[in-house]
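For reference, the structure is listed below as structure tokens.
Note that the coordinates shown come from a computational prediction; the quantities given were computed from them, not determined experimentally. We use all heavy atoms of the structure for the numbers below, so side chains are in, but hydrogens, waters and symmetry mates are not.
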Amino acid sequence: MKLSAVILLAASATTSVAADKVSAWKITSLSSGDRSNLCDRQIQTCQNNCGGPDEAPMAFCNSTTMAWGCGCKAKTPDFETWNWPVPAADCSGSNQVCQANCNAASGDRNKCFSNCSDTHKCNTEDAPVSYTTSKDVSTLPQYIGPAVSYKGDELGDLNDGNNRDNLVSSAEDAGSASDDSVSDSDTSAATTLLKSAGLAALAAISVTIAF
């Protein structure tokens, strides 16, 4: 069994409007109907990418926790992670809460809205990493991690009500610790930093399994 992991990393900046967050985003806050529909799309997307249901033994999505994964028999899924239905919805929801928190904030709201747009370029490699993948359907996802893009850029405060200060600090302090568990060239320093920051579970942020 071949295991391929892809994760990209970055750290932080600052937002222009300092105010109490009136709402915090978590993908499980979606209605049960929305979660169910989203999971159906997630599984179908995986199966289509693998070549059919029989070719996708690791296509799963838990409509309660929103944990998801995709693994094919004969290939590594090649659908861009930021375009999978669950990560895309996670980005969209975070952006909506970011906008709502700008409305409730004092200060330069226009700059706050602009920051939301800059940090939530959903369905692109500049989107914030979604920490919703899981090794199996019964394992909870990480949900909250450093505010980083799939491309590896620093995104700063997503303004979605989740405190990432400690996660970002840990990642920044990780230094140049070595990582020998993942050989794919695309993982490089990103996986290294997150693992050494005590976030090893996030190394499966885009895990694919081929038999």
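- Not a single donor-acceptor pair under 3.5 Å links the side chain of R164 to the backbone N or O of P146.
- Between F79 and P77, every side-chain heavy-atom pair lies at or beyond the 4.5 Å cut-off.
- For the pair V148/P128, no side-chain contact is recorded, criterion being any heavy-atom separation below 4.5 Å from C-beta on.
- Note that CG of L30 and SG of C39 are 10.0 Å apart. Values are rounded to the nearest 0.5 Å.
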Legend entry - S117 vs Q99, side-chain contact (heavy atoms from CB on, under 4.5 Å): CA-CA, chis, key distance, verdict: CA-CA 9 Å; S117 298; Q99 301 280 347; 4.2 Å; yes
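- Residues N95 and S92 bring no donor and acceptor atom of their side chains to less than 3.5 Å of each other.
- Screening residues 115-149 for disulfide bond (SG atoms under 2.5 Å apart), with sequence neighbours left out, gives C91-C122, C98-C116.
- For the pair S149 (side chain) and A127 (backbone), a donor-acceptor distance under 3.5 Å is absent.
- Below 30°, between 30° and 60°, or above 60°: for W84 and W68 the angle between ring planes is between 30° and 60°, a tilted geometry.
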Show every donor-acceptor pair shorter than 3.5 Å between a side-chain atom in residues 51-63 and any protein atom, with sequence neighbours excluded, or say none if there are none.
unit_1: N62; atom_1: OD1; unit_2: T64; atom_2: N; d: 2.8
unit_1: N62; atom_1: OD1; unit_2: T65; atom_2: N; d: 3.2
unit_1: N62; atom_1: ND2; unit_2: V137; atom_2: O; d: 2.9

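- Side-chain contact check for N48 versus T45: every heavy-atom pair is 4.5 Å or farther apart.
- F113 and L155 fall into different hydrophobic clusters, where Ile, Leu, Val, Met, Phe, Trp and Tyr side chains are chained together by heavy-atom contacts under 4.5 Å.
- Rounded to the nearest 0.5 Å, atoms CG (D153) and CD (E125) are 8.5 Å apart.
- Without hydrogens or angle criteria, N162 side chain to I144 main chain gives no donor-acceptor distance under 3.5 Å.
- In the model, S31 has a side-chain atom that pairs as donor or acceptor with a side-chain atom of D34 under 3.5 Å.
- Proximity of Q44 to P85: side-chain heavy atoms (C-beta onward) are nowhere separated by under 4.5 Å.
- The side-chain hydrogen bond (donor to acceptor under 3.5 Å, both in side chains) test with D126 singles out one residue from K151, K121, H120, and that residue is K151.
- A side-chain donor-acceptor contact under 3.5 Å links D78 and N49.
- Between W25 and S94 the shortest side-chain heavy-atom distance falls below 4.5 Å.
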Inset, instruction - Could you walk me through whether M66 and V86 pass side-chain contact (heavy atoms from CB on, under 4.5 Å), step by step? - result: CA-CA 8 Å; M66 297 311 297; V86 172; 3.9 Å; yes
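- Other residues, nucleotides and ligands contribute more than 12 heavy atoms inside 6.0 Å of the CD atom of Q47.
- For the pair N159 and N101, the tightest heavy-atom approach, listed with the atom from each and the gap, is O-ND2, 3.0 Å.
- The backbone N or O of D157 sits less than 3.5 Å from a side-chain atom of N115, completing a donor-acceptor pair.
- R35 has its side chain out of reach of L38: every pair of non-hydrogen atoms, C-beta onward, lies at least 4.5 Å apart.
- In this structure, the separation between CG on D90 and OG1 on T132 is 5.5 Å, given to the nearest 0.5 Å.
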